**Student:** 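Please find one structure pasted underneath; my questions will follow.
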Amino acid sequence: MRHGSIPGARGRVRPLTLLGDPVLREPCREVTDFGPGLARLVEDMFATMYAARGVGLAANQVGVPSRVFVYDCPDDEEVRHLGHVVNPRLVEADGIVLRGPEGCLSLPGLEAGTERYDHAVVEGVTMTGEPVTVHGTGFFARCLQHECDHLEGTVYADRVTGWRHRRLMRQVARADWHR
């Protein structure tokens, strides 16, 4: 992505992978090819995330089992965070644990109170292989943890417990998109 370009402007919207598709449950592979295919994937992921009105998107949510995610997400102070991480590692998740509403483009129209730390740090590289460290607080920390979970084959519904989990699973079973 060239400096000053609008993420996703050249990308194409890909179909979203929905809960029930096995690609969402498998840990994603490390990226080793930093060529034009990766740049195209990142552009497509931004285009897809914006079309779906999301704030983050992992590669397996468009059917690609690679360790990549994109984000355009505010924190609790309404500061916008925009970027992508290739081969991310969640190196810190700490602070206060907060239960807040969480949704997912792979479970469209649903959300549930999910516990997440209010601080997170992710390390990885950009699509050109440059090291990157992303610090998040509040809602943006939630986003970073959510996207890292996707790359491990976990969805937020797995972190919901008790009656909230039972209610969410009933909603999934009734959803018109569920297989």
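In what follows, residues are counted from 1 in the order of the sequence shown. Please read these numbers as outputs of a predicted model, since none were measured by experiment.
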**Student:** Using a 4.5 Å cut-off on heavy atoms from C-beta on, say whether the side chain of Gln145 contacts that of Glu102.
**Tutor:** no
**Student:** If hydrophobic clusters are built by linking Ile, Leu, Val, Met, Phe, Trp and Tyr wherever their side-chain heavy atoms come under 4.5 Å apart, do Tyr117 and Leu90 end up in the same one?
**Tutor:** no
**Student:** Quick one: are Leu18 and Leu107 in side-chain contact, heavy atoms under 4.5 Å?
**Tutor:** no
**Student:** Under the salt bridge (Lys or Arg N to Asp or Glu O under 4.0 Å) test, which residues partner Glu123, sequence neighbours left out?
**Tutor:** none
**Student:** Is there side-chain contact between Val134 and Val121, with at least one heavy-atom pair below 4.5 Å?
**Tutor:** no
**Student:** So, for Val13 and Ala51, which heavy atoms are closest and what is the spacing to 0.1 Å?
**Tutor:** CG2-CB, 3.7 Å
**Student:** For the pair Arg116 and Asp149, find out whether any cationic side-chain nitrogen is under 4.0 Å from an anionic carboxylate oxygen.
**Tutor:** yes
**Student:** Check whether any side-chain heavy atom of Val86 sits under 4.5 Å from a side-chain heavy atom of Phe34, and report yes or no.
**Tutor:** yes
**Student:** Evaluate whether atom CG of Leu82 has more than 12 neighbouring non-hydrogen atoms of other residues, nucleotides or ligands under 6.0 angstrom away.
**Tutor:** yes
**Student:** Between Glu152 and Arg67, is the closest basic N to carboxylate O distance under 4.0 Å?
**Tutor:** yes
**Student:** Hey, any chance Met169 and Val155 share a hydrophobic cluster, counting ILVMFWY side chains that come within less than 4.5 Å of each other, even indirectly?
**Tutor:** yes
**Student:** Which pair of non-hydrogen atoms, one from Pro65 and one from Val23, has the smallest distance, and what is that distance?
**Tutor:** CB-CG2, 4.0 Å
**Student:** Residues two or more places apart in sequence or in another chain: which of them pass ring pair (Phe, Tyr, Trp, His ring centres under 6.0 Å) with His119?
**Tutor:** none
**Student:** Output all residues satisfying salt bridge (Lys or Arg N to Asp or Glu O under 4.0 Å) with Glu115, sequence neighbours left out; order by chain, then residue number.
**Tutor:** Arg99
**Student:** Output all residues satisfying salt bridge (Lys or Arg N to Asp or Glu O under 4.0 Å) with Arg25, sequence neighbours left out; order by chain, then residue number.
**Tutor:** Asp158
**Student:** Mark yes or no for whether Arg12, through its side chain, and Arg40, through its backbone, hold a donor-acceptor pair below 3.5 Å.
**Tutor:** no
**Student:** In Å, rounded to the nearest 0.5 Å, how long is the span from CG of Leu105 to CG of Leu16?
**Tutor:** 5.5 Å
**Student:** Any ring pair (Phe, Tyr, Trp, His ring centres under 6.0 Å) involving residues 123-145? Give me the pairs, sequence neighbours left out, ordered by first then second residue.
**Tutor:** Tyr71-Phe140, His81-Phe140
**Student:** Looking at every heavy atom in both Ala141 and Gly136, which two are closest together, and how far apart are they?
**Tutor:** CB-O, 3.4 Å
**Student:** Please name the pair of heavy atoms, one in Tyr50 and one in Asp72, separated by the smallest distance, quoted to 0.1 Å.
**Tutor:** OH-OD2, 2.6 Å
**Student:** State, with a plain yes or no, whether a side-chain heavy atom of Leu168 is found less than 4.5 Å away from one of Tyr156.
**Tutor:** yes
**Student:** Is it true that the side chains of Ser106 and Gln61 contain a donor and an acceptor less than 3.5 Å apart?
**Tutor:** yes
**Student:** Which pair of non-hydrogen atoms, one from Glu26 and one from Asn60, has the smallest distance, and what is that distance?
**Tutor:** O-ND2, 4.5 Å
**Student:** Quick one: CD on Glu147 to CG on Leu57, what's the gap to the nearest 0.5 Å?
**Tutor:** 6.5 Å
**Student:** Between Trp177 and Val172, is a side-chain contact (heavy atoms from CB on, under 4.5 Å) present by the stated rule, with each step listed?
**Tutor:** CA-CA 9 Å; Trp177 51 263; Val172 166; 4.2 Å; yes
**Student:** To the closest 0.5 Å, what do you measure between CG (Leu144) and SG (Cys73)?
**Tutor:** 7.5 Å
**Student:** Does the side chain of Thr133 come within less than 4.5 Å of Val122's, by heavy atoms?
**Tutor:** no
**Student:** Distance check, rounded to the nearest 0.5 Å: Arg170 atom CZ versus Arg174 atom CZ?
**Tutor:** 7.0 Å
**Student:** Checking Asp118 now: which residues fulfil salt bridge (Lys or Arg N to Asp or Glu O under 4.0 Å) with it, not counting sequence neighbours?
**Tutor:** none
**Student:** Assess whether a salt bridge exists between Glu111 and Arg167, defined as any Lys/Arg side-chain N lying under 4.0 Å from an Asp/Glu carboxylate O.
**Tutor:** no
**Student:** Could you tell me whether the side chain of His84 reaches within less than 4.5 Å of the side chain of Val125, counting heavy atoms only?
**Tutor:** no
**Student:** Can you see which heavy atom on Arg164 is nearest to which on Gly113, and at what distance?
**Tutor:** CD-O, 3.6 Å
**Student:** What distance separates His150 NE2 from Thr17 OG1, expressed to the nearest 0.5 Å?
**Tutor:** 10.0 Å
**Student:** Do Val55 and Met45 belong to the same hydrophobic cluster, where Ile, Leu, Val, Met, Phe, Trp and Tyr are linked whenever their side-chain heavy atoms lie under 4.5 Å apart, directly or via other members?
**Tutor:** no
**Student:** Could you see if Val42 belongs to whatever hydrophobic cluster contains Phe69? Use Ile, Leu, Val, Met, Phe, Trp, Tyr and a side-chain cutoff under 4.5 Å.
**Tutor:** no
**Student:** Are Asp33 and Leu38 side-chain neighbours, meaning at least one heavy-atom pair lies under 4.5 Å?
**Tutor:** no
**Student:** Could you tell me whether a side-chain N or O of Ser66 sits under 3.5 Å from a main-chain N or O of Val68, the two making a donor and an acceptor?
**Tutor:** no
**Student:** CZ of Arg14 to CG of Asp44: how many Å apart, nearest 0.5 Å?
**Tutor:** 4.0 Å
